[in-house]
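First the structure, in the form of structure tokens, and then the observations on it.
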Amino acid sequence: MAPILHVIPTPQSPASPKTTNTLSTPLRGLESCSTMSELKQFQAQIIKLGLSCDNDAMGRVIKFCATFESGDLNYALQVFHKLPNPDTFIYNTIIRGYLQSQLLKESLLFYSHMLERSVRPNNFTFPLVIRACCIDNAVEEGKQIHGHVIKFGFGFDKFSQNNLIHMYVNFHFLEEAMMVFDSMYEKDDVSWTTLISGFAQLGYLAEAFRVFDSNSEKSSVCWNAMISAYVHNNQFHQAFALFERMMSEDVVIDNFIAASMLSACTRLGALKQGEWIVEQVKKSRIDLDSKLATTIIDMYSKCGCLDKALQFFKGLPRKGISSWNCMIGGLAMHGKGEAAIELLKEMESKKVAPDYITFVNLLSACAHSGLIEEGKYYFHYMKEAYGIEPGMEHYGCLVDLLGRAGLLEEARKIIKEMPMSADVGVLGALFGACRIHKNIELGEIIGKQVIELEPQNSGRYVLLANLYAYAGRWEDVANIRKLMNDRGVKKVPGFSVVELEGVVSEFIAGGRTHPQAKEIYAKVNEILDCIKSAGYVPDSDGLQQDIDEEERENPLYYHSEKLAIAFGLLKTKPGAVLRITKNLRVCKDCHQASKLISKVYDREIIVRDRNRFHHFKDGECSCKDYW
DNA sequence: ATAGGGTTAG
């Protein structure tokens, strides 16, 4: 994109004298408006008072129209164009309006206009235009604006500096970001967190840590920035280590740190640690706002404790919409479709209006439980009862629902007829259904599409290769593998973690690095013998022929999940529940084996996979083999 | 009137 700013006129001193008004009643009224029609009534009164060209009065009108949710930016512009001498505040407000609508060109154009008309930008102007440059990576404009910041004398304005750091991180210009940061005499929390989390988002964890560590007066906010940097990069053990260091330095836990740590526990499936954080929240006087409550519900659900999630949810004095949604999502993951529908009804009886996400989660609950008729019903119901138009996510759930049930043609028809074109998520749902129902023809078409839409997603290649393998099309299998190689896409290695007494152990398929590897493998062999006599037959889902016939051991035997279960059986007393978390989906063979293990060893095994939960008990799984 | 950190599906 060509730079928009051509002119940098020399600024002149501000011209228009300030009108002084005592705040009259209609002006006061403006402050309490909530709709455009209300606003227009007050505006009419103001105009009658002869204030139609008054910057102070019209500035308030413009502020409402340009920046409030119920406003109207075009109307703000009409008012603006009637003003003979709009002031800096008014220009800033219009720029803010464009910024909120993510309109880069328009915001910068207005900034240009203000310079051309010699209206002097102030300390509020630059943070806005700097942010505007982030919208479409307007690098050239961003550099120019940086020049203006200095030229107009705001080089040491903290708000401008912090926003410049943000902008350069956004451009991936790490050196420039560091330079602005280093030039600051007094860095505040925002400076530290912007740089640390900015580096972390780009994957530069070591740099982020160096910045963090160089802060001699770390606030809670700064600690959280680094902890959440680790969490976002899946470095959970690092997050825990840093958290412990923080505790040892007597830093007080706040909402954000609690939320970040809960998120780490959730992602790891570390229930014990998660519960400990919840205890800390209860003990300290951290305000349990609805966001934190949602995080806690999510932790319990995703660590496999649906009952504790429900208990916590029910005990909440005030339930925000996100808490209801999260609870419905939790029920969905555990395959409790009917209970999810009940919760929706309870919500309605308590006059809490469900929203867009409520129905995403509800439809997902129907899909996971095979509630086909109910799912279709609620898909229409949300629009009829609440006027919620189905969005991409709802279509994704509907396609998932139909596809899982084997109604592939119906799912395909939905995709054809939906008002927007299906995104990779929706197509991915159909592709997943092709895998379940082994529909090679459709799977090949859709699989190729999703691979091209997301060429870096390794799972899609693997799925298509498996589909080919199932059909015995080995040449196509090889081609897919080659394509992956050529594009440098790496298979995500599968791993499983099991939490025992608060210690989380991680296993990868066939891995032997665990200090007790020998015992674990012996235990797996013992388990296999036991379940074989109970009827276990290795099930590679038709994929086995691809493996070298000479290979002595079946790699299926040492999938990470089986290793984790073996370790769990070794380390726990009879009867204890095993909780396992996987990064990928459970394979058919491990699913079958887990069912038998739960029976033969009389253990409840709760496995969380990428998508959902499996509760194995007495030789059965809660998913009823529908996953 | 300005900025940074947390949650909700597959």
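None of the values given here were measured: they were computed from a predicted structure. Heavy atoms only: backbone and side chains are in, while hydrogens, waters and symmetry mates are out. Here is the naming used below: chain letters follow the sequence lines, and residue numbers restart at 1 for every chain.
Between the side chain of A:His166 and the backbone N or O of A:Gly198, no donor-acceptor pair lies under 3.5 Å. With hydrogens and angles disregarded, no donor-acceptor distance shorter than 3.5 Å links the side chain of A:Ser228 to the backbone of A:Val231. Without hydrogens or angle criteria, A:Ser107 side chain to A:Leu103 main chain gives a donor-acceptor distance under 3.5 Å.
With hydrogens and angles ignored, no donor-acceptor pair closer than 3.5 Å exists between the side chain of A:Asn163 and the base of B:dA3. Looking at A:Arg96, its side chain comes within 3.5 Å of the base of B:dA1 through a donor and an acceptor atom. For A:Asp254 against B:dG5, a side-chain-to-base donor-acceptor contact under 3.5 Å is present.
Of the candidate nucleotides B:dT8, B:dG5, B:dA9, B:dG5 has the atom lying nearest to any side-chain atom of A:Gln201. Set against B:dT8, B:dA1, B:dT7, the side chain of A:Asn92 has B:dA1 as its closest nucleotide. Residue A:Glu393 places its side chain closer to B:dA9 than to any other of B:dT7, B:dA9, B:dA3. Nearest to the side chain of A:Asp298, among B:dA1, B:dG6, B:dT7, sits B:dT7. The side chain of A:Lys63 lies closest to B:dA1, out of B:dA3, B:dA1, B:dG10. Of the candidate nucleotides B:dG5, B:dT2, B:dT8, B:dT2 has the atom nearest to the side chain of A:Pro127.
No engagement by A:Gly396 is indicated, since no non-hydrogen atom pair under 4.0 Å with the nucleic acid exists. Across all strands shown, A:Phe89 has heavy atoms under 4.0 Å from base atoms, whether or not it also approaches the sugar-phosphate. At a threshold of 4.0 angstrom between heavy atoms, the contacts of A:Asn162 include nucleobase atoms, whether or not backbone atoms are also involved. A:Lys187 comes within 4.0 angstrom of no nucleic acid atom, judged by non-hydrogen atoms across all strands. Residue-level contact check: A:Ser263 touches the backbone only, with heavy atoms under 4.0 Å from sugar-phosphate atoms and none from bases. Among the atoms of the strands shown, none is found under 4.0 Å from any heavy atom of A:Asp157. Backbone-only engagement by A:Asn361 is indicated by non-hydrogen atom pairs under 4.0 Å involving sugar-phosphate atoms exclusively. Contacts of A:Leu292 with the nucleic acid, taken as non-hydrogen atoms under 4.0 Å apart, include base atoms. No contact: A:His394 has no heavy atom under 4.0 Å from any strand.
Evaluation of A:Phe124 against the base of B:dA1 yields a stacking contact (centre distance < 5.5 Å, interplanar angle < 30°). A stacking contact links A:Phe256 to B:dG5: the aromatic ring centre lies within less than 5.5 Å of the base's six-membered ring centre, and the planes differ by less than 30°.
Qualifying ring pair (Phe, Tyr, Trp, His ring centres under 6.0 Å) partners for A:Phe154, counting only residues two or more places apart in sequence or in other chains: A:Phe126.
When rounded to the nearest whole Å, the span between CZ of A:Phe64 and C1' of B:dA1 equals 16 Å. B:dT2 atom C1' lies 13 Å from atom CG of A:Leu164, rounded to whole Å. When the C1' atom of B:dG5 is taken as reference, atom CD1 of A:Ile286 falls 14 Å away, rounded to whole Å. Put simply, CG on A:Asp189 is 14 Å from P on B:dG6, counting in whole angstrom units. If you measure from atom CH2 of A:Trp223 to atom C1' of B:dG6, you get 19 Å, rounded to the nearest angstrom. Regarding A:Ile388, its CD1 atom lies at a distance of 19 Å from the P atom of B:dT8, rounded to whole Å. Summarising the geometry, the separation between CE on A:Met347 and P on B:dT8 is reported as 17 Å, rounded to the nearest angstrom. If you measure from atom CE of A:Met392 to atom C1' of B:dG10, you get 14 Å, rounded to the nearest angstrom.
At B:dG10, one or more side-chain N or O atoms of A:Ser364 fall inside 4.0 Å of OP1 or OP2 (strictly under the cut-off). One finds a side-chain N or O of A:Lys302 lying less than 4.0 angstrom from the OP1 or OP2 phosphate oxygen of B:dT8. Between A:His232 and B:dG5, a side-chain N or O to OP1/OP2 separation shorter than 4.0 Å is absent.
Here the rule is side chain to side chain contact (heavy atoms under 4.5 Å, CB included) with A:Ser220, and of A:Ile253, A:Asp254, A:Asn255, A:Asp189 only A:Asp254 fits it.
If you take CD1 on A:Ile297 and NZ on A:Lys319, they are separated by 9.0 Å, rounding to the nearest 0.5 Å.
Note on A:Glu275 versus A:Lys308: salt bridge recorded, some NZ/NE/NH1/NH2 to OD/OE distance being below 4.0 Å.
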